[in-house]
Amino acid sequence: MDLYEYQGKELFKRFGIPVSEGRLATSPAEARRAGEELGGQVVVKAQVLTGGRGKAGGIKLAESPEEAEERAGEILGLDIRGHVVRKLWIERASEIAKEYYLSVTFDRGEKKPLFMLTTQGGVDIEEVAEQSPDALARLHIDPLAGFQPFQARWLCFAAGITDRGEQKQVIALVAKLYEVFVACDAVLCEVNPLIVTPEGEVRVLDSKFTVDDNALYRHPEVAEMRDLDAYPAEERAAREKGVTYVKLDGEVGILGNGAGLVMSTLDVVAQAGGRAANFCDLGGGGDAEGVVDALEVITADPQVRSILFNIFGGITRGDEVARGILEALGRMEIRQPIVVRLDGTNAEEGRRMLAEAAPANLHVEETMLSAAERAVELAGSAA
Ligand code: GDP
Ligand code: MN
């Protein structure tokens, strides 16, 4: 889960990492109030879950509360690489003498957290890594031995930070960054730029913070930071219902049980000349409740023109799935045609139930390929 800049900074602050004081705003009027409260020059920053906001016009300095209001009006609603700006972070502006880069992330190859530090910050780090790889100091931390203070000193020297005052602050900051990284089960904490003010003060100016989704249950306060409005309706529904859902860009909605079967269903739909709009994995379940939940999620996607159920009964029983489908159809109105392929445990019983109930718009097919062909055909005629 990616956090907004202001959320990452909030976590940094809790661990004693120096950040600038700021306020959240969702309207120009609020931005003005924030400017009044903070006083002096402020920076108005678009809060979107993507980088490169500065270049896209999403970050602007303002000399007064009136100007903050004006800049906010310009930035709100802006589309930055497909992300519409609905929130602003108004921060007391910093004077910048130097821009550094500092991050800690996982190096999966080494199976260790990796720190990177360079005095050539502010720009794309990929560029630095490519053009002057020697300028990028890298340091792995052994997760069992833990972080040792001498490592931060080494990193600082390797990056060529020579000023004593800066060294002291950066060393302390590296230690705290590792603390927050571990404590939050983060997979990325990136600060670009890490600035040095003309007075020699080191401070975090930007934050990119990603927390391991699988660890969110251990961090309810971080999980709560998720901005549901930033997700499409069906993704929100999937999350709430605990349904495994992946959005794709075709027109056939796919519902299967088990990751392997769902993957091969995607292939068969492609073989039939169609494209999947999305897929839901019912997992080992497939009871009525699970089917209703998954159908609600799938049909909330406006791109879906037909729905393909591909169920192989193992632990999941075909009759149970059939009951789920019929119950779902009784409870909700589904505009799109549904094609069902049932096989495995109690599949015959399931197919018989569907044939007897014979709901309109429901088609039962014997094989996976014929089901996919039917679904693709129906998606085409529904278009
Ligand atoms: P990004 O473009 O999404 O990475 O957003 P950043 O938060 O990194 O801001 C982009 C650039 O805006 C920074 O590299 C700075 O040069 C500039 N900037 C951001 N905040 C301030 C500030 O408080 N004062 C000044 N002078 N410049 C700032
Ligand atoms: Mn940045």
Side-chain angles (χ1 to χ4, degrees), residues 232 234-235 237-239 241-326 328-329 332 334-351 353-355 359 361-383:
E234 72 271 16
E235 276 184 40
R239 246 174 248 283
K241 296 174 190 300
V243 173
T244 307
Y245 171 84
V246 175
K247 174 81 184 110
L248 299 164
D249 53 12
E251 46 290 318
V252 180
I254 290 175
L255 224 156
N257 61 333
L261 185 66
V262 168
M263 288 301 145
S264 39
T265 310
L266 295 179
D267 288 346
V268 177
V269 166
Q271 189 186 338
R275 293 184 318 158
N278 56 36
F279 66 78
C280 260
D281 179 2
L282 287 176
D287 56 0
E289 208 53 52
V291 173
V292 171
D293 284 350
L295 270 175
E296 276 176 1
V297 169
I298 281 191
T299 53
D301 177 352
Q303 263 180 270
V304 171
R305 302 201 183 283
S306 71
I307 298 164
L308 172 56
F309 259 84
N310 190 8
I311 303 292
F312 188 88
I315 300 168
T316 311
R317 287 164 26 227
D319 55 326
E320 183 69 20
V321 173
R323 195 167 298 120
I325 294 172
L326 293 173
L329 290 178
M332 56 192 287
I334 296 176
R335 290 174 293 110
Q336 300 91 337
I338 301 176
V339 181
V340 182
R341 176 258 182 175
L342 268 181
D343 209 343
T345 311
N346 291 6
E348 268 169 51
E349 167 76 1
R351 281 199 295 264
M353 285 164 65
L354 292 176
N361 240 357
L362 187 117
H363 314 260
V364 180
E365 289 284 340
E366 286 284 319
T367 70
M368 199 156 140
L369 182 60
S370 61
E373 283 168 350
R374 191 71 180 269
V376 171
E377 182 194 315
L378 288 165
S381 54

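Residues: numbered from 1 along the sequence shown.
Separation of atoms CZ (R305) and CD (Q303) is listed at 8.0 Å; rounding is to 0.5 Å. One finds the OG atom of S306 at 9.0 Å from the NE2 atom of H363 (value rounded to the nearest 0.5 Å). Considering CG of L266 and CZ of F279, their distance stands at 5.5 Å, rounded to 0.5 Å. In this structure, L354 CG and R323 CZ are separated by 11.0 Å, a value rounded to the nearest 0.5 Å. Note that CG of L308 is 8.5 Å distant from CE of M368, once rounded to the nearest 0.5 Å. How far OG1 of T299 is from CZ of R335: 7.5 Å, rounded to the nearest 0.5 Å.
Considering only heavy atoms from C-beta on, F309 comes within 4.5 Å of V291 through its side chain. Counting heavy atoms from C-beta outward, V268 and T265 have side chains that stay 4.5 Å or more apart. Taking 4.5 Å as the limit, every side-chain heavy atom of T345 sits out of range of all side-chain heavy atoms of T316. Between T244 and L282, every side-chain heavy-atom pair lies at or beyond the 4.5 Å cut-off. For the pair I311 and D343, the minimum side-chain heavy-atom distance is 4.5 Å or more. Residues L362 and L329 form a side-chain contact, since some pair of their non-hydrogen atoms from C-beta on lies under 4.5 Å apart. Residues V246 and N278 are not in side-chain contact: their nearest non-hydrogen atoms beyond the backbone lie 4.5 Å or more apart.
The heavy-atom pair separating A276 from L248 by the smallest distance is O-CB, 3.3 Å. Closest of all the heavy-atom pairs between V252 and A379 is CG2-CB, 4.1 Å. A pairwise comparison of heavy atoms in I307 and I334 identifies CD1-CG2, 3.9 Å as the closest pair. Of all heavy-atom pairs between L261 and N310, the closest is CD2-O, 3.2 Å. Taking each heavy atom of A328 and L295 in turn, the nearest pair found is CB-CD1, 3.5 Å. The shortest non-hydrogen separation linking I298 to C280 is CG1-SG, 3.9 Å.
The pair R374-E365 meets the salt-bridge criterion, since a charged nitrogen lies less than 4.0 angstrom from a carboxylate oxygen. Using a 4.0 Å cut-off between charged nitrogen and carboxylate oxygen, K241 and E296 count as a salt-bridge pair.
For R341 (side chain) and V364 (main-chain N/O), no donor-acceptor pair under 3.5 Å exists by modelled atom type. Side-chain N or O atoms of K247 include none that pairs as donor or acceptor with a backbone N or O of E235 at under 3.5 Å.
Residues Y245 and E234 bring a donor and an acceptor atom of their side chains to less than 3.5 Å of each other.
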Hey, mind stepping through L369 and Q271 against side-chain contact (heavy atoms from CB on, under 4.5 Å) and telling me if it holds?
-> CA-CA 8 Å; L369 182 60; Q271 189 186 338; 4.0 Å; yes

Tell me, with the steps shown, if L378 and I338 meet side-chain contact (heavy atoms from CB on, under 4.5 Å).
-> CA-CA 9 Å; L378 288 165; I338 301 176; over 6 Å; no

